[in-house]
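Please read these numbers as outputs of a predicted model, since none were measured by experiment.
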Amino acid sequence: GALGKQENCQVAVTLTLANEAGSVPAAYRLYLPEGWATDPQRRRAAGVPDAVPFRTKWELALEQVAALQRAGLPPAPVVADAGYGVVTAFRDALTEQGIPYVVGVTGETSVWPPGVTPLGPARWRGRGRPPTRLRRTRRHHPLPIKTLAADLPSRAWRTVTWRQGTRGAMRSRFAWLRVRPAHRDANRQRPRPVEWLLIEWPRGEPEPTKCWLSTLPEATPVSQLVRLAKLRWRIERDYQEVKGEFGLDHFEG
């Protein structure tokens, strides 16, 4: 599935089922902003039922995925943009449910470089409880993805074609490596598992343009990683079609 949000209004969370042959919108849930959810006067004026609580967009997305699973949808990776991918709780929830993902993140997202892990707990000095949390120091710390990308050698980058578009082959320059996400791992007792980091940095651009984290198996070829990362274009196309064919844009506000 490909997750998205209505860009013009930020009022809905949607899920599209997609494969190489086509795509179909499968879930659409209005998003109630927290400012509205906690304002009784606004709720009454808009007719919002008392039973509708505030839910974040990523929580609504997880509910949509779970509903489709209960309906018998075959297992499939979740593809989402950075609006969802930067939320560590969203990624963790998918992993807990055994659902692989390919989700966008930002260049500021911190990761441990390949082969590097957080330091173990500090040495116990005989007083208080023995330390159990992971550590980082000024010299031993994770890096923002954009910093890691800038330090990669030229041989780490390769041009990959993911599909044929109306104007010819869709291709760009990518690097892919195995890393550990580092979000708040100083509060953890074990390092986060290793997963894929995919970075797109077209020639001529001053810095990477897109980054993704993925829990697809280690043996996944880069062509598959890129294809799934780029599959989210279908949800944008579906938005245009439902606007043109069903008048979705008539209800924006």
Side-chain angles (χ1 to χ4, degrees), residues 1 3 13 34 53-66 69 75-152 156 175-200 208 210-220 222 225 228-229:
L3 295 165
V13 176
E34 187 172 13
F54 169 70
R55 305 285 282 171
T56 63
K57 294 185 180 74
W58 65 268
E59 288 173 325
L60 294 177
L62 288 174
E63 291 173 0
Q64 291 176 340
V65 171
Q69 284 190 314
V78 166
V79 179
D81 66 14
Y84 297 92
V86 296
V87 181
T88 303
F90 174 70
R91 303 197 312 268
D92 287 348
L94 290 173
T95 298
E96 289 171 4
Q97 297 174 38
I99 303 172
Y101 58 72
V102 183
V103 295
V105 291
T106 66
E108 286 71 36
T109 302
S110 61
V111 298
W112 292 94
V116 181
T117 61
L119 297 173
R123 182 180 178 184
W124 186 46
R125 300 186 181 278
R127 293 184 178 181
R129 295 181 178 179
T132 60
R133 295 182 178 180
L134 302 173
R135 293 180 300 135
R136 55 182 70 176
T137 66
R138 293 180 60 183
R139 292 187 177 183
H140 189 91
H141 55 81
L143 299 174
I145 290 175
K146 62 181 181 181
T147 301
L148 178 61
D151 292 340
L152 291 176
W176 58 100
L177 49 158
R178 303 285 288 170
V179 301
R180 294 181 190 272
H183 180 71
R184 295 184 179 178
D185 58 5
N187 296 325
R188 294 171 58 90
Q189 297 180 4
R190 295 180 180 178
R192 294 186 180 277
V194 174
E195 55 190 86
W196 283 111
L197 168 62
L198 179 67
I199 310 171
E200 180 181 5
K210 294 285 183 66
C211 312
W212 298 266
L213 287 172
S214 174
T215 52
L216 290 175
E218 184 175 358
T220 303
V222 65
L225 280 174
L228 286 172

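Screening Val86, Leu197, Thr88, Val102 against Leu213 for a side-chain contact (heavy atoms from CB on, under 4.5 Å) leaves a single residue, Leu197. Shown are His183, His140, His141; of these, the ring-ring contact (aromatic ring centres under 6.0 Å, His included) with Trp112 is made only by His140.
Within the 4.5 Å cutoff, the side chain of Gln97 has heavy atoms near those of the Leu62 side chain. Leu94 has its side chain out of reach of Thr215: every pair of non-hydrogen atoms, C-beta onward, lies at least 4.5 Å apart. Looking at Val13 and Tyr84, their side chains come closer than 4.5 Å, going by heavy atoms from C-beta outward.
For the salt bridge (Lys or Arg N to Asp or Glu O under 4.0 Å) test, residues two or more places apart in sequence or in another chain that qualify with Arg55 are Glu63. Checked against salt bridge (Lys or Arg N to Asp or Glu O under 4.0 Å), Glu200 has the following partners two or more places apart in sequence or in another chain: Lys230.
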>> Show, in sequence, the C-alpha distance, side-chain angles and deciding distance for Glu195 and Tyr101, and conclude whether the side-chain contact (heavy atoms from CB on, under 4.5 Å) test is met.
In response: CA-CA 10 Å; Glu195 55 190 86; Tyr101 58 72; 2.8 Å; yes
>> Run Leu228 and Thr220 through side-chain contact (heavy atoms from CB on, under 4.5 Å) and show every step you take.
In response: CA-CA 11 Å; Leu228 286 172; Thr220 303; over 6 Å; no
>> Ser214 vs Trp212, test: side chain to side chain donor-acceptor pair (under 3.5 Å). Steps then yes/no.
In response: CA-CA 7 Å; Ser214 174; Trp212 298 266; over 6 Å; no
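Among pairs with a residue in residues 83-108, those fulfilling salt bridge (Lys or Arg N to Asp or Glu O under 4.0 Å) read Asp92-Arg192, Glu108-Lys146, at least two apart in sequence or across chains.
Counting heavy atoms of neighbouring residues, nucleotides and ligands inside a 6.0 Å radius, atom CZ of Arg190 does not exceed 12 of them.
With Arg133 contributing its side chain and Gln189 its backbone, the two residues share no donor-acceptor pair below 3.5 Å.
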